[in-house]
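The block underneath contains the structure these notes are about, expressed in structure tokens.
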2 protein chains.
Amino acid sequence: MRELYHPPRSKLSLPAILHALSDPTRLDIVRQLAQTPDLSMGGCDTTVAKSTMSHHFKTLREAGVTRTRIDGVQRFISLRKDDLDARFPGFLDALLRVAGDK
Amino acid sequence: MRELYHPPRSKLSLPAILHALSDPTRLDIVRQLAQTPDLSMGGCDTTVAKSTMSHHFKTLREAGVTRTRIDGVQRFISLRKDDLDARFPGFLDALLRVAGDK
DNA sequence: TTTGTAGTTCTAATATCGTAAAACATTAAA
DNA sequence: TTTAATGTTTTACGATATTAGAACTACAAA
């Protein structure tokens, strides 16, 4: 694996993004990413197995919510705030504001 | 069927709401409800079977997104904007603003 | 009472999801 | 070249989702 697929900004779909965010574990990841950008998978606070985490990160990435940058043996994940803001202005901020109290 | 279950405001869950909104047909319903409050099921613009519509309306209602009022033989559906705004301030408005262009 | 209308529930088929163990790939360190 | 670290892919399993036909319920109108 040398390159990871990221959907282009123009292909971001709201239902797909909402679906990616509808899982409690993934919503939690997004919450953490908002506070700690450039998080690695291992740096994430979780209870699930690492293969499960890998799957969740893939789901977020393929929905266009996150960007994954490969650096050596690690992957650093960040929110695609620029693209999300361009395509769905105000949505991410509104979500993060209410996502604090699950 | 005399009474329909509506979760109380305090039990509204963000993941459950995001899941309810992640289906294209249901997101479309919500978009229509925002423009035309108090819509009946039959008054909805859809392509799916009526049993499917009934299921989608149930999903939205049980997630706390909509309120269903029985009036004779019809059900009138509206957004629970008051409760959603109280529990997740700004979220519904932000969603509706970006949900125009799917 | 009969007929029609509006929507629900049952049932079933197909699909997708969340989870994780096991095996694998890639890179870095010893 | 081993060994360790980090994450992916494969595979599998049970749970849940989407869809719709068919039967059914509730109410209203004729």
Side-chain angles (χ1 to χ4, degrees), chain A residues 1-7 13-30 32-33 36 38-78 102, chain B residues 1-7 13-30 32-33 36 38-78 102:
Chain A
M1 163 140 322
R2 208 140 300 250
E3 284 299 324
L4 293 171
Y5 173 72
H6 292 85
S13 126
L14 192 55
I17 289 170
L18 292 170
H19 172 256
L21 297 169
S22 73
D23 179 84
T25 302
R26 288 194 296 262
L27 186 56
D28 215 64
I29 292 170
V30 168
Q32 291 185 49
L33 285 172
T36 313
D38 238 33
L39 211 55
S40 73
M41 210 195 85
C44 240
D45 190 26
T46 83
T47 19
V48 298
K50 72 176 178 174
S51 60
T52 303
M53 279 308 273
S54 184
H55 160 259
H56 283 314
F57 277 115
K58 184 180 183 183
T59 301
L60 287 169
R61 176 172 50 77
E62 292 185 338
V65 175
T66 59
R67 183 175 284 115
T68 301
R69 174 174 57 80
I70 300 181
D71 183 30
V73 87
Q74 294 187 93
R75 277 106 176 107
F76 288 100
I77 294 116
S78 54
K102 8 181 179 175
Chain B
M1 160 140 324
R2 207 143 299 252
E3 284 299 321
L4 294 171
Y5 173 72
H6 291 86
S13 127
L14 192 55
I17 289 171
L18 292 170
H19 171 256
L21 297 169
S22 73
D23 179 84
T25 302
R26 287 194 296 260
L27 187 56
D28 215 64
I29 291 171
V30 169
Q32 292 184 50
L33 285 173
T36 313
D38 239 34
L39 211 56
S40 73
M41 210 194 85
C44 243
D45 190 26
T46 84
T47 19
V48 299
K50 73 175 177 174
S51 59
T52 303
M53 279 307 274
S54 184
H55 159 260
H56 283 314
F57 276 114
K58 184 182 183 182
T59 300
L60 287 169
R61 175 173 49 78
E62 292 185 338
V65 176
T66 59
R67 184 176 282 115
T68 302
R69 175 174 56 80
I70 302 181
D71 182 31
V73 90
Q74 293 186 92
R75 275 107 178 108
F76 289 100
I77 294 117
S78 54
K102 9 177 182 184

When you measure from the side-chain N and O atoms of A:His56 to the phosphate of C:dC17, is any distance below 4.0 Å, counting only OP1 and OP2? no
Side chain of B:Arg75 only, heavy atoms from C-beta on: which candidate in D:dT8, C:dA21, C:dT8 is closest? C:dT8
Of the listed nucleotides D:dG7, D:dG21, D:dT18, the one nearest the side chain of B:Arg26: D:dT18
Euclidean distance, atom CZ of residue A:Arg69 to atom C1' of C:dT26 [Å, nearest integer]: 17 Å
How do A:Asp71 and A:Thr25 order along DNA chain C: which one's closest nucleotide is nearer the 5' end? A:Thr25
Base, sugar-phosphate alone, or nothing: which one does B:His55 contact when heavy atoms must sit under 4.0 Å apart? base
Heavy-atom nearest nucleotide on DNA chain C taken for A:Gly72 and for A:Ser22; more 5' hit belongs to A:Ser22
C:dC17 C1' sits how many Å from A:Leu18 CG, rounded? 17 Å
Please state how far atom CE in A:Met53 lies from atom P in C:dT19, giving the value in whole angstrom units. 10 Å
Remember a base hit wins even if backbone is also touched, and classify A:Thr59 as base, sugar-phosphate or nothing at under 4.0 Å, heavy atoms. nothing
Specify the closest pair of heavy atoms between A:Ala16 and A:Ala63, including all atoms of both residues, with the distance to one decimal. O-CB, 3.8 Å
Shortest non-hydrogen contact between B:Ser40 and B:Ile77, atoms and distance: C-CD1, 4.4 Å
Between A:Leu4 and A:Ile70, is there a side-chain heavy-atom distance shorter than 4.5 Å? yes
Of the listed C:dA21, D:dG7, C:dA6, the closest approach to the A:Ser51 side chain comes from C:dA21
Return the nearest nucleotide to the side chain of A:Lys58; candidates are D:dT9, C:dG18, D:dT18. D:dT9
Selection from D:dT18, C:dG7, C:dG18 that lies nearest to any side-chain heavy atom of B:His19: D:dT18
Specify the separation, in whole Å, of atom CD of A:Gln74 and atom C1' of C:dA25. 16 Å
Exercise: identify the closest heavy-atom pair between B:Met41 and B:Met53: CE-CB, 3.9 Å
Rounding to a whole Å, what distance do you find between A:Leu4:CG and C:dT26:P? 13 Å
Taken to the nearest whole Å, OH/A:Tyr5 to P/D:dT9 is 15 Å
B:Val73 side chain: which of C:dG7, C:dT5, C:dT26 is closest? C:dT5
Which heavy atom of A:Pro15 sits nearest a heavy atom of B:Ser22, and at what distance? CB-O, 3.4 Å
Side chain of A:Asp23 only, please: which of D:dT6, D:dT8, C:dT19 is the nearest? C:dT19
Specify the separation, in whole Å, of atom CG of A:Asp28 and atom P of C:dT19. 12 Å
If I take atom CD in residue A:Glu62 and atom P in nucleotide C:dT16, what distance separates them, rounded to the nearest angstrom? 14 Å
Return the 5'-most residue of the pair B:Thr52, A:Phe57 with respect to DNA chain D, ranking by each residue's nearest nucleotide. A:Phe57
Begin with the C-alpha distance, continue with both residues' side-chain angles, and end with the deciding distance and a verdict on side-chain contact (heavy atoms from CB on, under 4.5 Å) for B:Phe57 and B:Thr68. CA-CA 9 Å; B:Phe57 276 114; B:Thr68 302; 5.7 Å; no
